[in-house]
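None of the values given here were measured: they were computed from a predicted structure. A, B, ... follow the sequence lines: proteins, then strands. Residue 1 opens every chain.
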Protein chains: 2
Amino acid sequence: MSIPGTDELQLLHEQICQAVGDVKRIQILYALHEQPRHVSALAELLEMPQPTVSRHLTVLRERALVIADRQGPAVVYRLADPRLIDVLNLMRQLLRDTLERRATALP
Amino acid sequence: MSIPGTDELQLLHEQICQAVGDVKRIQILYALHEQPRHVSALAELLEMPQPTVSRHLTVLRERALVIADRQGPAVVYRLADPRLIDVLNLMRQLLRDTLERRATALP
DNA sequence: TCCACCTATTCGCATATCCGAATACATCCG
DNA sequence: CGGATGTATTCGGATATGCGAATAGGTGGA
């Protein structure tokens with residue numbers, strides 16, 4: 001019930017919040033939740049340039065939110081923990097309710 | 001199981017993810033979860049300048065994540081939905097497990 | 001080994017975000 | 001009204017973040 005320490009919140013911010021702080025990374029996470037994919041497959045699916053996908057994957061990999069497995073010349077990425085999607089889905093539910101509350105409250 | 005549309009993820013990012021994308025805002029959210037507080041009380045508790053607190057509260061209020069009630073000259077803020085703390089706590093749990101996994105896997 | 005394929009990195013730039021300081025705005029009360 | 005208290009906003013500059021384009025790096029087969 002008390003407020004978590006500044007250090008823990010700093011870590012939380014750097015490791016998780018900042019990682020989901022970009023739309024394209026969120027897209028990548030959902031795409032990897034559907035199934036593991038290699039970089040080019042992600043780039044094609046999400047219509048992003050390959051270097052863009054690679055950079056975002058680096059961000060996620062550095063935070064150990066995704067895991068890279070090299071398979072021949074390709075590198076297949078997968079989610080490290082599916083609960084990250086739970087977090088995002090909970091946020092989506094919260095968003096829906098918040099928007100609804102805002103729509104019915106104001107007018 | 002499929003990937004949410006780009007529009008919804010864009011909204012998710014703008015309304016929720018970006019809002020928790022700053023350590024001080026996370027601190028404020030936890031402080032407000034403990035109990036509603038007015039701006040100056042938050043500033044003193046979290047050791048931030050009053051304008052800083054006010055700016056962050058504006059960000060949260062614009063996204064309808066906190067609610068402002070004027071009480072005389074003061075403005076008392078409270079969480080609009082306690083599930084936002086659930087989201088943050090789920091992230092903290094995820095963070096703990098991720099750090100642990102990283103610690104036992106590498107060395 | 002050389003080449004083809006796939007992935008990662010670098011560089012320069014544009015944009016966004018945050019902060020401190022100062023100031024403007026709002027409310028209440030004498 | 002005028003001052004005291006409490007809150008919001010503006011301004012300028014520093015920092016961070018993301019992107020496109022080009023390039024470097026790694027892997028496996030001919």
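With hydrogens and angles ignored, the 3.5 Å screen pairs no side-chain donor or acceptor of Arg25(B) with any backbone N or O of Val20(B). No side-chain donor-acceptor contact under 3.5 Å links Arg78(B) to the backbone of Asp69(B). His56(A) places no side-chain N or O within donor-acceptor distance of the main-chain N or O of Lys24(A), the cut-off being under 3.5 Å. The backbone N or O of Val59(A) lies less than 3.5 Å from a partner atom in the side chain of Arg63(A), making a donor-acceptor pair.
For Arg63(B) and dT17(C), the CZ to C1' distance is 12 Å, given to the nearest whole Å. One atom, CD of Glu14(B), and another, P of dA16(C), lie 12 Å apart when rounded to the nearest Å. Between Glu62(A) atom CD and dT9(C) atom C1' the separation is 12 Å, expressed in whole Å. Rounded to whole Å, the distance from CE on Met48(B) to P on dT7(D) is 15 Å. What separates CG of Asp69(A) from P of dT7(C) is a distance of 13 Å, to the nearest Å. For Leu46(B) and dC19(C), the CG to C1' distance is 16 Å, given to the nearest whole Å.
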Inset, instruction - Heavy atoms under 4.0 Å is the rule here; annotate nucleotides 17-30 of chain D 5' to 3' with B where the base is hit, S where only the sugar-phosphate is, and - elsewhere. - result: SSBB-B----SS--

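Two residues are said to be in side-chain contact when any heavy atoms from C-beta on lie closer than 4.5 Å; Gln71(A) and His38(A) fail this criterion. Proximity of Val39(B) to Gln50(B): side-chain heavy atoms (C-beta onward) are separated by under 4.5 Å at one or more points.
A salt bridge links Glu8(B) and Arg96(A); the closest N-O separation between the charged side-chain nitrogens and carboxylate oxygens is under 4.0 Å. Salt bridge annotation for Arg83(B)-Asp81(B): present, with a cationic side-chain nitrogen under 4.0 angstrom from a carboxylate oxygen.
Note on Tyr77(A): a side-chain N or O is less than 4.0 Å away from OP1 or OP2 of dA8(C). One finds no side-chain N or O of Ser40(A) lying less than 4.0 angstrom from the OP1 or OP2 phosphate oxygen of dC5(C).
Across all strands, Ser54(B) comes closer than 4.0 Å to base atoms (heavy-atom distances).
Distance check, rounded to the nearest 0.5 Å: CG of Leu94(A) to CZ of Arg101(A) gives 7.5 Å.
Remark: DNA chain C takes part in the stems C:1-30 with D:1-30, each of 3 or more antiparallel Watson-Crick or G-U pairs, criterion distances under 3.5 Å.
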